[in-house]
Structures are given as structure tokens and as C-alpha cells.
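Owing to the predicted nature of the structure, the values given are computational and were not obtained by experimental measurement. The chains referred to below are lettered A, B, ... by the order of the sequence lines, with proteins before strands, and numbering in each begins at 1.
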Amino acid sequence: MTKAEDIGRDSSLRSERQGRFERQRQEKLSRIKQLGIDPYGGRYDGAERACDIKSRYKDGDEGQRARCAGRIVLLRDIGKLIFITLRDWSGTMQVGLSKNLLGPEASGWPLAKLLELGDIIGAAGQLGKTKTGEITVWADSVSLLSKCLCQPPEKFHGLSDIDLRYRQRFVDLWANPEVMERFKNRSSIIATIREFLQARGFLEVETPMMQRKAGGAAAKPFVTYHKTLDLDLFLRIAPELFLKRLLVGGMEKVFEINRNFRNEGLSRQHNPEFTMLELYQAYADYNVMMELTEEIICLLVEKYCHGKQVRFGEETIDYTRPWRRARYAELLKEYSGCDIEDIEAVRMRAAGLGLDEGDMDDVVVTNEVFEATVEDNLVDPTFVIDYPAALCPLTRRKKDEPKYAERFELYIGKMELANAYTELNDPAEQYENFLVQLRGQEESMARMDEDFITALKYGMPPAGGLGIGIDRLVMVLTGATSIRDVVLFPLLKPTKD
RNA sequence: GGGAGUGUAGCUCAGUCGGUAGAGCAACGGCCUUUUAAGCCGUAGGUCUUGGGUUCGAGUCCCAACACUCUCACCA
């Protein structure tokens, strides 16, 4: 028997065991059908959110009614009375099902006795409190809206197998309320960013995900193919070069929040498809972008975190303004001890770090040393400014120091969260920069894009541009230390069967 | 790809010195009209990831494979 067959047999045994539970639930489904009830319900109007029902409840007023719908997450059957904890996406609601109230017809008490954990139901009835003070819908009607045929996870611990949680996010979301909460926050964070930008006159646009040239960043692209045009295409690694074309076209403030794709490894900070905010503002520069970045993120911290000191894994991030702005060279000196001008010292340090510096250009070595020594120290928000120009082919040089470029990266919690430039708008210089390939870099940001050069020749206004990694931003704002906890369906190795 | 860790019932987990498999939840059969992870009585559920090895005897020790997690590398 081959390994594949062996594994296949193993998984079929496994599913057979699970099938035992499913068969029992199938039997219940048949019994429900025999009662003349559609186990997959239908439209259910007028259900209120659990949290709204609870907050409008007034003690002592006996005329109150309520209607709710959700999944059964707890069930306590006491004979002629059943207490159910229903979860909708606002919270939980207790429903009391009693033999007297529901009556003997099929859709009443007999149905109630067949309900089980995981089923989705609707219930309506008088609102009241129990002996112990819990607000309860005393149901006089109950509807089965969807039968659950699979065994729900353990009711107290929820689903904790990490692999299963990512593979079956649909279970994770309802079994672990804090997961639902985090994704609701993610959505709300993105909505807040949109509102913020739109209020400042930015226009949201969508640019191609499939591109002839994968430009705007240094990363391995995914390759795809268009049949009718017989065309090889890349999934974009960044929207940058298209957004800049829009600047040429006269859109003065644009942004895009969408996916980028990079064909690289997975880690707690990397998912091959990730969400990026990129924005461009004509007539601005990287200083304007710094102000904007600090403003957006502080607004979000205020809204989604408690206080300015925020826990993140082992660290505490202090968002108190103003954030540190430190030159690249200054941080290199501070943490590696090397003077950026003293390339011999930098190379020695690189060798000491075990880097194969012989095959690398000076700036590449310097950057390797920077990454190895500096990044792990940048816990509080830090703008790293003025990068070596050679590392930034799309960035304008500093007027008085042409060896450095007007670029910053923002680090928070040891992660690169944002990257911004004063955009290069000189077509001749851009053309030259596209031609320079650095030794020691696996991927280059310098990929010749003639059409983009043509666009620049028409004249692109001077501009500031900014990219913010949304997934990582959501991580630091929600305390998730793995990107998989803020991406609904992270990329996983497929299972063997 | 390197290193470390984990893999036991559907789920969450115990399993001592190597002596032949345990709990809670879920399920099934009972009892129960005010429960809060309801409770009580009973039943069933296992190729201990897989394959080798050591041993009289392996869930336990050794080797290998597979899967997952963490970590390093890669990711400017």
C-alpha cells in the first residue's frame, strides 16, 4: 500500500467515526421531517438583536414581547422545560421553551424536544426574567431555521485546535466569540480609515490586480495567464505604479484598499495575499505622509484600544505622540554601532552577523545589518526616515543630501507597518533608477516599465505616497500576534485527502 | 530548507517507574417546569498519527515517515 492510500484509508476511518454522530443527527432530521416541518426554515422576519432585546427590557413590565434568531450554543433540558442559550452576532439570549407554552402540536413542544446544540432557530414570546434574574424569551412559538448536522465543538473550551480553527473558520467564528469580535473590529477599522480619508477629499479607486509588469515593490510575483490574449500576467505585488498614473491623470488625492500578492514564505507576519492601503496626495511630500499616518493610527488607537499603552504579545506599545522620528543612519549607529559612511565597519559587522557580505553591494550589506540589528528594537511607533537612495528607486532624493531618499518606514511592535515616499516624478531619473540592479538582492524594485516612464513624461505632480499594511495594523490594534488571526481564510497547506 | 515542540474518544485534556486506556463535555437510554459549562442514574464510544525497533511486555523508550505549532532562514 502506498503512503497516499494509507493516509486515505486513515481519513476514511476517521470520517466514519464522525459519521456516527452525523447519522444520529440525520435521524433527528428525519423525525423533524416526519412532523411536517422543513428543517431548513425560510424567511424569518422581525428578529431583534440579542443585545437590543436585553437593553430595552424593563423590569416589571409584563406586556413585553421579543423575537430572536440565532444558533443554539447551550441547551439545558429539564424535562418539561428547556433553557436554550441562543447566539446571534450581537451576543447571547436565553430562550425558555416550556411544554405548557408551546403546546402539543408538532411545531410546538415535539419540535422543541428534538432541538440540539448547533441548530439555528427563531423564537418569539413574552419577555421576562427567571428566578435567577436572567432576561429570557418565554417562547410561545419556535421555528427551526437550519438543522446542524455536524457535532459542534466542546461547549466550554470552544474549538482550540489551531489548524482546525483556520481550516473551519465557519466553526471558529461561532464557537469562539472573541474571534468574531476581532473580525468585526477589523471591518470597522477599515471603515474608519475610509471615512477618515474620504473626509479629507481622497477618492477611492481600484487598479489592476493582474499586471503585465509586477512593479512597485521588491517581491516574487504570482504568475497567471490570459487565454484569449495569449498573455502572461502577474498578480500585483503593489498598486503603486498605477496609482501614480492616476496622479498624472489629474486625480490629486487617491487611495486603494485591496489585496497584494507576494509569492513568498508564510510566517506570523506574512500571508501571501495581504491587504494594503496605498494613498497618494499631489503636491505633498513624505513629511505630510508622516503627519497623516500618525493621525490615522492615533485615531484608531483611541477608538479600538484602551489607553495609549497597548499590550502586544510580550511587549507594551506606547502610542503617545509625538512618535520618534529617527534617521536610518542614526538608528544604524545606535543599534549596530556602525557609522553608515564607514562601509568597512559595516561589512565587518555583517560578517560578524554571519552574512555573506562579499556578494553584496554596499547599500545591500548596510540594509542587511540594519534589519538584523535595528528592527527588533522598534517596539514603540518609530518613523525610520531618510533611507539610502540606492534602496529606493521610486523615491525622490533629498535636495541637499542626494545619497539619501525622502522615504520613511513606520515600525510598530517590531513590524514594518507603513512605507512612504516623496514620490520621484522626474522621468529621466526614474528611467536611470530602473536600470540599476543591486548585487545581493534576490528581488529588485527596479523593473523597467516603459509605459510608466511615458506617464511620467507627461508630468506627474510632486506628491507624497503612503502604504499601510492593514493586516499588521489590525494585529497591533487587536492584540493578535499572528496574521492568521486577522485574515479570515489564511493560506494553508492543503490536507492530503 | 535548519532547529525545537506537539500528535491519546467527535471536542477539551489526563495518563506516575515501561505492566495492556481515563476524565469532563458531546452522543444514546432514563428522571426532572427556573437552568446558567444545569444536575442525577445508566449505556456506548479507542489500530493511543503511521511504520519499524528494543523488551517477557510500549500510549510511555529508540529510529523513521506524516501532520500541525513555534522558531531560524527567506520575505528591500
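Within the structure, every side-chain polar atom (N or O) of A:K99 is placed at least 4.0 Å from both OP1 and OP2 of B:U33. Within the structure, a side-chain polar atom (N or O) of A:K80 is placed less than 4.0 Å from OP1 or OP2 of B:U33. The phosphate of B:C68 has neither OP1 nor OP2 within less than 4.0 Å of any side-chain N or O from A:R165. For A:R262 and B:C74, the shortest distance from a side-chain N or O to OP1 or OP2 is not below 4.0 Å. In terms of phosphate contacts, A:K220 brings no side-chain nitrogen or oxygen within less than 4.0 Å of OP1 or OP2 of B:A76. Contact between the side-chain N/O atoms of A:T132 and the OP1/OP2 oxygens of B:U36 is not found at any separation under 4.0 Å. Using a 4.0 Å cut-off, no side-chain N or O of A:R76 falls inside it from OP1 or OP2 of B:U33.
Distance A:L74 CG to B:A38 P: 5 Å, rounded to the nearest Å. Rounded to an integer number of Å, the gap from CG of A:L115 to P of B:U35 is 21 Å. One atom, CD of A:E371, and another, P of B:C72, lie 14 Å apart when rounded to the nearest Å. Between the CD1 atom of A:I82 and the P atom of B:C32 there is a distance of 13 Å, given to the nearest Å. Distance CD (A:E368) to C1' (B:A76): 8 Å, rounded to an integer number of Å. The CG-C1' distance, from A:L164 to B:U12, rounds to 12 Å in whole Å. If you measure from atom CG of A:D163 to atom C1' of B:C70, you get 14 Å, rounded to the nearest angstrom. Put simply, NZ on A:K113 is 13 Å from P on B:A27, counting in whole angstrom units.
Backbone-only contact: A:S160 has heavy atoms under 4.0 Å from sugar-phosphate atoms and none from a base. A:G158 comes within 4.0 angstrom of sugar-phosphate atoms only, judged by non-hydrogen atoms across all strands, and of no base. As judged by a 4.0 angstrom heavy-atom cut-off over every strand, A:E154 is placed among the base-contacting residues. Here A:Y421 lies in heavy-atom contact (under 4.0 Å) with a base. Residue contacts for A:D161: at a heavy-atom cut-off of 4.0 Å it reaches the sugar-phosphate backbone alone, with no base atom in range. At the heavy-atom level, A:K28 lies under 4.0 Å from the strands shown only through sugar-phosphate atoms. Within the 4.0 angstrom heavy-atom criterion, base atoms lie near A:W138.
Only the C1' atoms considered, B:G59 is 12 Å distant from B:G22, to the nearest whole Å. For the P atom pair drawn from B:U35 and B:G18, the interatomic distance equals 49 Å after rounding to whole Å. Going from the P atom of B:G3 to that of B:G10 covers 33 Å, rounded to whole Å. Spacing of P atoms, B:G29 relative to B:A44, comes out at 15 Å, to the nearest Å. Nucleotides B:A21 and B:C48 are separated by 8 Å at their C1' atoms, to the nearest Å. Taking atom C1' in both B:A23 and B:U8, the straight-line distance is 13 Å, to the nearest Å. Spacing between B:C56 and B:G45 at atom P, rounded to whole Å, works out to 34 Å.
Note on A:E278 versus A:K244: no salt bridge recorded, every NZ/NE/NH1/NH2 to OD/OE distance being 4.0 Å or above. With salt bridges taken as basic N to acidic carboxylate O contacts below 4.0 Å, one links A:K147 and A:E116.
For A:R324 and A:Y411, the positive end is not near the middle of the six-membered ring at less than 6.0 Å and at most 45° from its axis. Taking the ring axis of A:F489 as reference, the NZ or CZ atom of A:R169 does not stay both within 45° of it and closer than 6.0 Å to the ring centre.
Sorted by first and then second residue, the pairs that involve residues 102-113 of chain A and meet salt bridge (charged side-chain N to carboxylate O under 4.0 Å, His left out), not counting sequence neighbours, are A:D77-A:K113.
Remark: A:E371 engages no residue in a salt bridge (charged side-chain N to carboxylate O under 4.0 Å, His left out) (not counting sequence neighbours).
With a 3.5 Å limit on both pairing distances and Watson-Crick or G-U wobble geometry required, the stems of 3 or more pairs in RNA chain B span B:1-7 with B:66-72, B:10-13 with B:22-25, B:27-31 with B:39-43, B:49-53 with B:61-65.
Judged by atom type and distance alone, A:E134 does not reach the base of B:U35 through any side-chain donor-acceptor pair under 3.5 Å.
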